[in-house]
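Encoded as structure tokens, the structure appears first; notes follow it.
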Amino acid sequence: MTNKAIIHTDNAPEAIGTYSQAVKTGNTVYLSGQIALDPQKMELVSEDFAEQAHQVFKNLSAVCEASGGSLNDIVKLNLFLTDLSNFPIVNEIMSQYFAEPYPARAAVGVKELPKGAIVEADGVMVI
């Protein structure tokens, strides 16, 4: 039987389905996908891709901190974009939130995301 702790913070959006913001087991934290929802209003911060990307990383950061770590403890990051032409923008924005050595990463083009978001990220953190 695995000992797992459910992570929750009011500094990131509430889960909008049957999931937790993150689950910690041992020193590994599995971070659920974050879209660009404002945690207080539970609405997208903007339709602008860059603004959404910044909010996604702010939301992920809040969950990392609630888990006892930071974005730099993420070992695997998954990015989901509805338009892969935004890849250079998310790459540049990511460099503002992460320090080297960077996590392993995948960037995937998807048809759509919850709430009409245009970018989402999830990951695995080891602390």
Side-chain angles (χ1 to χ4, degrees):
M1 179 176 209
T2 324
N3 190 11
K4 64 182 182 178
I6 303 304
I7 307 299
H8 171 80
T9 177
D10 291 336
N11 295 326
E14 289 284 328
I16 53 175
T18 53
Y19 64 92
S20 301
Q21 290 172 332
V23 176
K24 181 178 182 181
T25 179
N27 65 344
T28 304
V29 181
Y30 297 89
L31 303 158
S32 290
Q34 288 291 334
I35 58 175
L37 292 177
D38 174 294
Q40 278 68 52
K41 298 178 183 174
M42 290 297 290
E43 295 173 2
L44 290 174
V45 293
S46 169
E47 291 184 17
D48 178 73
F49 180 83
E51 290 179 30
Q52 283 201 24
H54 278 288
Q55 189 64 46
V56 163
F57 290 123
K58 288 175 188 172
N59 291 344
L60 266 185
S61 180
V63 178
C64 288
E65 289 171 15
S67 305
S70 74
L71 288 174
N72 287 316
D73 294 312
I74 293 177
V75 295
K76 176 66 166 92
L77 183 72
N78 298 306
L79 296 172
F80 305 94
L81 298 91
T82 59
D83 183 350
L84 284 175
S85 70
N86 287 317
F87 183 74
I89 299 167
V90 78
N91 231 10
E92 193 279 323
I93 291 169
M94 186 178 159
S95 73
Q96 298 171 35
Y97 291 90
F98 291 81
E100 291 187 51
Y102 298 126
R105 184 182 75 182
V108 180
V110 296
K111 182 179 176 186
E112 59 186 324
L113 292 165
K115 303 272 188 184
I118 52 181
V119 59
E120 180 173 359
D122 71 9
V124 177
M125 180 173 71
V126 176
I127 48 177

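Positions are given from 1, in the same order as the sequence printed here. Note that these values count all heavy atoms, side chains included, but never hydrogens, waters or copies made by symmetry.
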Verdict with reasoning, His54 to Ile93, per side chain to side chain contact (heavy atoms under 4.5 Å, CB included):
CA-CA 7 Å; His54 278 288; Ile93 291 169; 3.8 Å; yes
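- The two atoms that bring Val126 and Thr28 nearest to each other are CG2-OG1, 4.2 Å, heavy atoms only.
- Distance check, rounded to the nearest 0.5 Å: CD1 of Ile16 to CD of Glu14 gives 11.0 Å.
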Run Asn3 and Thr25 through side chain to side chain contact (heavy atoms under 4.5 Å, CB included) and show every step you take.
CA-CA 6 Å; Asn3 190 11; Thr25 179; 5.6 Å; no
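- Nearest heavy-atom pair across Ala12 and Gln21 is O-NE2, 3.3 Å.
- In terms of heavy atoms, Phe49 sits closest to Ile118 at CA-CD1, 3.6 Å.
- Using a 4.5 Å heavy-atom cutoff, the side chains of Asp122 and Tyr30 are not in contact.
- When all heavy atoms of Ile7 and Val63 are compared, the pair lying nearest together is CG2-O, 4.1 Å.
- Considering only heavy atoms from C-beta on, Val29 stays 4.5 Å or farther from Val124 through its side chain.
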Go through the steps to decide whether Cys64 and Ile74 satisfy the test side chain to side chain contact (heavy atoms under 4.5 Å, CB included), and finish with yes or no.
CA-CA 8 Å; Cys64 288; Ile74 293 177; 4.0 Å; yes
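- Pro103 is not listed as a side-chain neighbour of Lys76, based on a closest heavy-atom distance of 4.5 Å or more.
- The CD1 atom of Ile6 sits 12.5 Å away from atom NZ of Lys24, with the distance rounded to the nearest 0.5 Å.
- Residues Leu77 and Phe80 are members of separate hydrophobic clusters, defined by side-chain heavy-atom contacts under 4.5 angstrom among Ile, Leu, Val, Met, Phe, Trp and Tyr.
- Put simply, the side chain of Ser61 reaches to within 4.5 Å of the side chain of Leu71, judged on heavy atoms.
- Nearest heavy-atom pair across Met125 and Ser67 is CE-CB, 3.5 Å.
- Using a 4.5 Å heavy-atom threshold, the side chains of Asn59 and Pro13 count as touching.
- A 4.5 Å side-chain heavy-atom check between His8 and Ser20 finds every atom pair outside the cut-off.
- Both Ile89 and Met94 belong to a single network of hydrophobic side chains, linked directly or stepwise wherever heavy atoms of I, L, V, M, F, W or Y lie under 4.5 Å apart.
- The two atoms that bring Gly69 and Ile127 nearest to each other are CA-CG2, 3.7 Å, heavy atoms only.
- Between Ser70 and Asn72, the side chains place no donor N or O within less than 3.5 Å of an acceptor N or O (distance only, hydrogens not considered).
- Grouping the Ile, Leu, Val, Met, Phe, Trp and Tyr side chains by contacts below 4.5 angstrom, directly or via other members, places Leu113 with Val108.
- A continuous path of Ile, Leu, Val, Met, Phe, Trp and Tyr side chains, each step under 4.5 Å between heavy atoms, connects Phe98 with Phe87, placing both in one hydrophobic cluster.
- Side-chain contact between Arg105 and Asn91 is present, with heavy atoms from C-beta onward closer than 4.5 Å.
- Using modelled atom types, one side-chain atom of Gln52 and one backbone atom of Ser46 make a donor-acceptor pair closer than 3.5 Å.
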Please evaluate residues Met42 and Lys115 with respect to the criterion side chain to side chain contact (heavy atoms under 4.5 Å, CB included), reporting the C-alpha separation (whole Å), side-chain torsions for both, the decisive distance (0.1 Å), and the verdict.
CA-CA 10 Å; Met42 290 297 290; Lys115 303 272 188 184; 5.9 Å; no
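- Val75 and Tyr97 fall into different hydrophobic clusters, where Ile, Leu, Val, Met, Phe, Trp and Tyr side chains are chained together by heavy-atom contacts under 4.5 Å.
- The CD atom of Glu51 sits 4.5 Å away from the CG atom of Asp48 when rounded to the nearest 0.5 Å.
- Phe57 has its side chain within reach of Val90: a pair of non-hydrogen atoms, C-beta onward, lies under 4.5 Å apart.
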